[in-house]
Amino acid sequence: MFRADFVTWLLFLLLLKLGALNFHLGFVIGCHEAEREALLKFKQSLNDTQNRLSSWEGKDCCLWEGVGCDNVTSYVNRLVLHDPSCHPNYYNGMDGSWSMISAKLDRSLVELSRLNYLDLSCIDFQGSQIPGFIGSFKRLRYLNLSYSNFSGVVPSQLGNLTRLHTLDLSMSFSLSSDLNWVSRLVSLRYLNMNFVYINLAMNSTNMLNMPPLLGSLQLSGCELNVSTLTSLFSNFTWISTIQQVDLSSNYLRGSLPIVFVNMTSLRHLDLSGNQISGSIPYWLKNMRKLQHLDLSSNWLKGPFPRAFANMTSLTYLDLSQNSFSGSIPFWIQNMEKLQHLGFGENNFSQVEGGAIMGVVGKLCKLKSFDLSSNYIGGEIGAHHNLSKCSTYDLEDLKLSRNMIGGTLPTWLGDFKSLKILNIANNAIEGPIPVSIGSLSYLEELVISGNRMNGTIPQGLRQCKALVTIEFSSNNLQGVVSESLFANLSSLNYLNLSSNSLEVNLPSNWTPPFQLFHLRLKSCKLQTQIPQWVREQTRLNVLDLSDNMLSGNLDPLYPLKNLEYVNISHNLLTGPVPYFSSSSLYSIDLSYNLLSGPLVHSNAKNDSVGVFVCHLPSVQFLDLQRNNIIGIIPDCWNYSYVLEYINLSSNNLSGIIPMTMGQATSLLFLKLSNNSLQGPIPPTLSSSSILQILDLSENKLVGNIPITWNGKTLPSLEMLRLRGNHLEGAIPPSLCSLPMLQLIDLAYNNLTGVIPPCFGNLVTMKSPTFGNSDILYEDPLDDITTVVLKGAELQYTSTLKLVVNLDLSCNSLVGSIPNGIINLAGLIGLNLSHNHLSGIIPLKIGDMTSLESLDLSNNNLSGTIPSSMSNLTSLSIINLSNNKLHGQIPTGNQLQTLIDPSAYEGNPGLCGDPLPNKCGTSGGRKQPQAEQKQHDKEDDLENPWFYFVIISGVATGFWGVVGSLLLKDRFKFALFQLVGNVADYLYAQIMIRLNKFRN
């Protein structure tokens with residue numbers, strides 16, 4: 001009876017409590033009206049571009065997407081508007097891909113006073129400030145405002161959030177803050193302020209105190225220095241709890257700070273991307289709980305540190321992109337828990353043969369092994385030291401970009417868990433081991449850039465998980481048939497380029513895969529573009545170059561995802577195609593037989609460009625060496641990313657469009673060997689980053705623009721205007737182009753003198769030229785023709801080494817400027833077929849890099865300077881058809897240049913290799929006379945010589961004739977004579993003085 005009464009009494013009290021609670025809540029069902037209205041007002045402040053808040057309707061806001069309420073009180077306690085499709089870029093923020101945009105964070109959220117979880121990440125707040133009212137949410141435990149495009153100073157009111165466990169303000173890129181307010185967040189466990197500028201000007205003693213429970217600190221890219229870091233970690237009240245520290249991409253300079261030595265609980269430390277130098281200190285061995293250590297991209301050096309021998313908990317170690325030297329020690333075998341080991345881009349050397357896999361074999365727990373980009377030698381297969389391992393857990397083996405030789409061992413097939421094998425860019429020989437076919441988990445097989453031969457083993461088709469096959473640039477042979485790919489349904493990357501393979505796949509073949517990336521350069525396809533290629537509807541990259549393909553490009557039209565197309569060096573015919581992919585950034589159809597115009601007519605009969613007018617993403621366009629006719633479309637001002645245009649060697653006519661100079665990102669413009677007419681468009685002066693300009697072999701008229709100077713074209717490196725009808729003088733403004741290293745103005749109608757300031761061309765002065773990347777990164781096979789050494793020479797990646805000046809076949813007058821001898825970096829100098837006079841500069845031997853010198857067919861006089869024997873690199877010389885005399889210099893390289901035609905047409909020359917020897921009737925001057933002639937010419941170059949002569953003439957003249965002036969009948973006649981003589985002398989003096997100044 002007592003028990004029944006007691007239970008009844010408890011039920012009564014419970015009902016009474018619930019009744020009081022319902023009375024207190026006003027019998028609330030659903031969310032509170034004030035909070036619902038606040039949320040609707042907040043929704044109105046957002047531009048919801050993807051209609052993500054479409055569910056925000058009705059009375060009960062607790063049912064709305066992203067809104068959470070307390071189960072008992074129905075107060076809103078959770079607001080999560082993070083975009084699940086948000087994939088922010090670590091270094092470039094959101095790149096404009098926000099699905100919600102707001103001018104500022106609306107104050108209506110203040111009504112949500114019971115919030116404990118707030119996530120507004122990936123919302124674009126358009127550079128507004130973080131409002132201080134967020135500090136009023138005293139119940140908040142989680143706050144995420146990352147990637148939200150806030151700017152300004154982080155408000156100190158955030159320090160009022162004393163219950164906060166997690167705070168993420170990272171990656172807004174325009175925020176700054178001190179850390180005073182952080183010390184008040186006594187409950188904080190996780191702090192992420194990556195790329196928030198920590199304002200050092202706000203430093204104070206208390207600023208660097210951290211919350212006592214902090215376990216993870218993310219301050220990457222905050223512009224911290226070692227001094228601030230030392231102050232930050234000097235507070236011992238919290239470092240005993242810290243387990244994760246990320247200080248990457250700051251300005252930490254000097255040796256590795258000792259501040260971490262007392263952090264006994266630290267498990268994750270990232271100091272990558274700083275300027276830490278010196279060797280790794282031995283005290284690092286005390287950090288025995290450390291599991292993840294990233295010191296990559298620093299200035300560390302010295303031998304591989306022994307400190308790691310005691311760090312047995314390490315599972316991830318990355319020391320790549322430093323300057324370590326020596327070999328990898330064998331004590332590394334003790335690190336049995338290591339799952340990732342990265343030494344990429346160091347200077348390790350002297351690894352004995354077999355040491356690589358000998359080390360790997362002893363790391364039984366190792367899952368990822370990365371030694372890429374070093375100087376590792378030896379062979380992979382010299383030793384198979386796996387005796388201590390009962391299982392092989394290795395999943396990722398990367399040894400690319402080293403000096404590893406030998407052959408691939410058959411025991412690679414023992415690594416049954418292997419998913420990635422990358423040995424690209426080494427010196428490995430021999431066949432692909434058949435045992436690789438037993439790697440059933442293998443996803444990525446990269447052996448490109450080696451010396452491997454033999455056939456592709458058929459067992460490879462058993463690797464059903466393969467996603468990537470990269471075999472390019474080897475010596476592989478044999479026929480590739482469809483049976484190889486029968487089971488490879490996961491394949492999306494296939495590269496068999498540049499081998500001796502014959503890819504024999506039927507045109508109507510139906511592949512089991514859908515590729516993203518297909519490269520079959522030089523694979524002997526010898527057919528039309530196969531039907532199966534057209535069915536690869538997801539293709540982003542397509543390279544079928546150098547395959548003798550015929551037919552037209554119609555099969556490519558349905559491929560709407562293409563980003564890169566290279567079908568150059570084939571026999572394709574038909575019109576230039578109209579690609580439908582809006583993502584195309586590179587198009588190379590060069591060296592084919594394409595015909596027809598570059599433009600087509602739309603419904604309004606307007607002429608528009610096939611590529612540039614509807615494909616604004618194109619960066620690289622190469623249509624050279626085809627049979628394209630018509631005009632160049634006038635719509636290049638729509639191209640904001642176009643960097644490379646090559647339309648050379650076609651049959652284009654008309655003028656160069658004015659809009660071509662308005663493509664603001666243009667680096668290379670090649671329109672040579674067409675029939676273009678009219679003047680050079682003045683808008684080209686607006687192409688401030690232009691590096692190569694080639695308008696040669698056309699029918700252009702007018703003058704070279706005087707607006708081309710160091711301010712308008714500061715990046716111009718190569719200027720070719722050869723073979724046009726240009727006239728007028730060479731503008732001296734070209735001398736101010738700071739990067740110019742190749743000038744070809746030959747075969748025009750240019751007049752006037754060679755600008756004396758050519759001697760000031762900076763890039764031509766030094767023999768250690770090549771100070772810029774003159775070639776676009778993608779078209780490494782792009783060919784540029786340069787006339788040098790009397791022939792058309794073709795250059796690819798070596799173009800940046802060519803320093804050439806060619807002004808031949810014009811109507812230039814005057815003398816060769818003495819300043820031209822300053823161009824010690826010149827390889828070629830051609831001033832032939834002009835009307836130049838005077839002497840060859842006496843110090844021409846200072847141009848030590850000259851390989852080709854052509855001064856023929858001018859009116860040059862005097863003797864050949866003896867300094868010419870200093871041109872030890874000279875292989876081509878032509879001084880024919882001038883008025884030179886005296887003995888031809890001998891010695892050094894000149895002794896090897898024995899072609900007499902180089903000196904013919906100069907009756908006064910004598911000596912080898914001419915038949916008329918000096919001292920005979922054929923030689924007009926003896927060596928002694930030659931020296932006197934040089935002395936005379938030196939005197940003629942001296943302005944004081946003229947001053948003395950003129951002074952003597954004047955004294956004699958006035959001494960004899962002055963008295964006659966006293967007689968009237970002689971005055972008028974003498975004054976007239978004196979005036980004429982004075983005018984003549986004045987003209988001669990000014991000419992000589994100008995020459996001296998030059």
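For the single chain, residues carry numbers from 1 onward in sequence order.
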Gap separating the CD atom of Glu563 from the CZ atom of Phe516, nearest 0.5 angstrom: 10.5 Å
Any side-chain heavy atom of Leu525 sitting closer than 4.5 Å to one from Leu549? yes
Could you walk me through whether Ile629 and Leu652 pass side-chain contact (heavy atoms from CB on, under 4.5 Å), step by step? CA-CA 5 Å; Ile629 62 173; Leu652 297 171; over 6 Å; no
Quick check against the 3.5 Å criterion: does Asn504 have a side-chain atom that pairs as donor or acceptor with the backbone of Pro506? no
So do the side chains of Asn495 and Leu520 get within less than 4.5 Å of each other, counting heavy atoms only? no
Counting distance only, does the side-chain N/O of Ser875 pair as donor-acceptor with the main-chain N or O of Glu851 below 3.5 Å? yes
Could you report the tightest heavy-atom contact between Val533 and Leu518, atom names first, then the distance? CG2-CD2, 4.3 Å
Judged by modelled atom types alone, do Glu470 and Ser472 share a side-chain donor-acceptor pair under 3.5 Å? yes
Has the side chain of Asn810 got a donor or acceptor atom that lies under 3.5 Å from a matching backbone atom of Leu745? yes
In this structure, are over 12 heavy atoms from other groups packed under 6.0 Å from Phe485 atom CZ? yes
Tell me yes or no: between the side chains of Asp622 and Gln624, is some donor less than 3.5 Å from an acceptor? yes
For Ile706, I'd like to know if atom CD1 has over 12 heavy atoms of other residues, nucleotides or ligands within 6.0 Å. no
Enter the distance from Ile692:CD1 to Phe668:CZ here, rounded to the nearest 0.5 Å. 5.0 Å
Chi angles and distances behind the side-chain hydrogen bond (donor to acceptor under 3.5 Å, both in side chains) call for Asn627, Ser595: CA-CA 5 Å; Asn627 298 318; Ser595 58; over 6 Å; no
Could you tell me whether the side chain of Leu460 reaches within less than 4.5 Å of the side chain of Leu484, counting heavy atoms only? yes
Between the side chains of Arg720 and Asp744, is the shortest nitrogen-to-carboxylate-oxygen separation below 4.0 Å, so that they form an ion pair? yes
4.5 Å side-chain heavy-atom contact, Met764 and Leu742: no
Side-chain touch Arg625/Asn592, heavy atoms, less than 4.5 angstrom: no
Take Met452 and Asn475 through the side-chain contact (heavy atoms from CB on, under 4.5 Å) test and state the conclusion after the steps. CA-CA 6 Å; Met452 304 192 70; Asn475 300 317; over 6 Å; no
Let me see the working for Ser400 and Asn425 under side-chain hydrogen bond (donor to acceptor under 3.5 Å, both in side chains), right down to the final yes or no. CA-CA 6 Å; Ser400 61; Asn425 300 302; over 6 Å; no
Between the main-chain N or O of Thr468 and the side-chain N or O of Asn492, is there a donor-acceptor pair closer than 3.5 Å? no
What is the distance from atom CG of Asn650 to atom CG of Leu598, rounded to the nearest 0.5 Å? 7.5 Å
Is a side-chain donor or acceptor of Asn450 paired with a backbone partner of Ile423 at a separation under 3.5 angstrom? yes
When you look at Asp588 and Val565, which way does the side-chain contact (heavy atoms from CB on, under 4.5 Å) test go after all the steps? CA-CA 6 Å; Asp588 190 349; Val565 176; over 6 Å; no
Would a 4.5 Å heavy-atom cut-off, applied to side chains only, mark Ile704 and Leu726 as touching? yes
What pair of heavy atoms forms the shortest contact from Asn698 to Asn724, and how long is it? C-OD1, 3.0 Å
To the closest 0.5 Å, what do you measure between CG (Leu623) and CG (Leu594)? 7.5 Å
Where do Ile469 and Leu491 come nearest, in terms of heavy atoms and distance? CG1-CD1, 3.8 Å
Taking Asn499 for the side chain and Asn474 for the main chain, is one N or O donor matched with an acceptor at less than 3.5 Å? yes
Keeping the roles fixed (side chain from Gln514, backbone from Thr537), state whether a donor-acceptor pair exists under 3.5 Å. yes
So, does Ser448 use its side chain to make a donor-acceptor pair with the main chain of Ala424 at under 3.5 Å? no
Check the pair Asn561, Leu539 against side-chain contact (heavy atoms from CB on, under 4.5 Å), reporting the backbone distance first and the verdict last. CA-CA 6 Å; Asn561 296 316; Leu539 270 181; over 6 Å; no
Search all heavy atoms of Ser715 against all heavy atoms of Ser688 and return the closest pair with its distance. OG-O, 3.6 Å
Using every non-hydrogen atom in the two residues, find where Pro577 and Leu553 come nearest and quote the distance to one decimal. CG-CD1, 3.4 Å
Report yes if the side chains of Met660 and Pro681 come closer than 4.5 Å at any heavy-atom pair, otherwise no. no
Measure the CZ-CD1 distance between Arg461 and Ile456 for me, rounded to the nearest 0.5 Å. 13.0 Å
Does the Thr683 side chain pair with the main chain of Met658, one donor and one acceptor, at a distance under 3.5 Å? yes
Could you tell me whether Arg519 sits above the aromatic face of Tyr564, with NZ or CZ closer than 6.0 angstrom to the six-membered ring centre and within 45 degrees of the axis? yes
Any sub-3.5 Å donor-acceptor pair from Asn570's side-chain atoms to Ser568's backbone N or O? yes
Regarding Ser648 and Asn673, is there a side-chain donor-to-acceptor distance under 3.5 Å anywhere? no
Would a 4.5 Å heavy-atom cut-off, applied to side chains only, mark Leu716 and Leu693 as touching? yes
In this structure, CG of Leu669 is separated from CE of Met718 (nearest 0.5 Å) by 10.0 Å
If you compare all heavy atoms of Asp634 against all heavy atoms of Pro657, which two are closest, and at what distance to 0.1 Å? OD1-CB, 3.3 Å
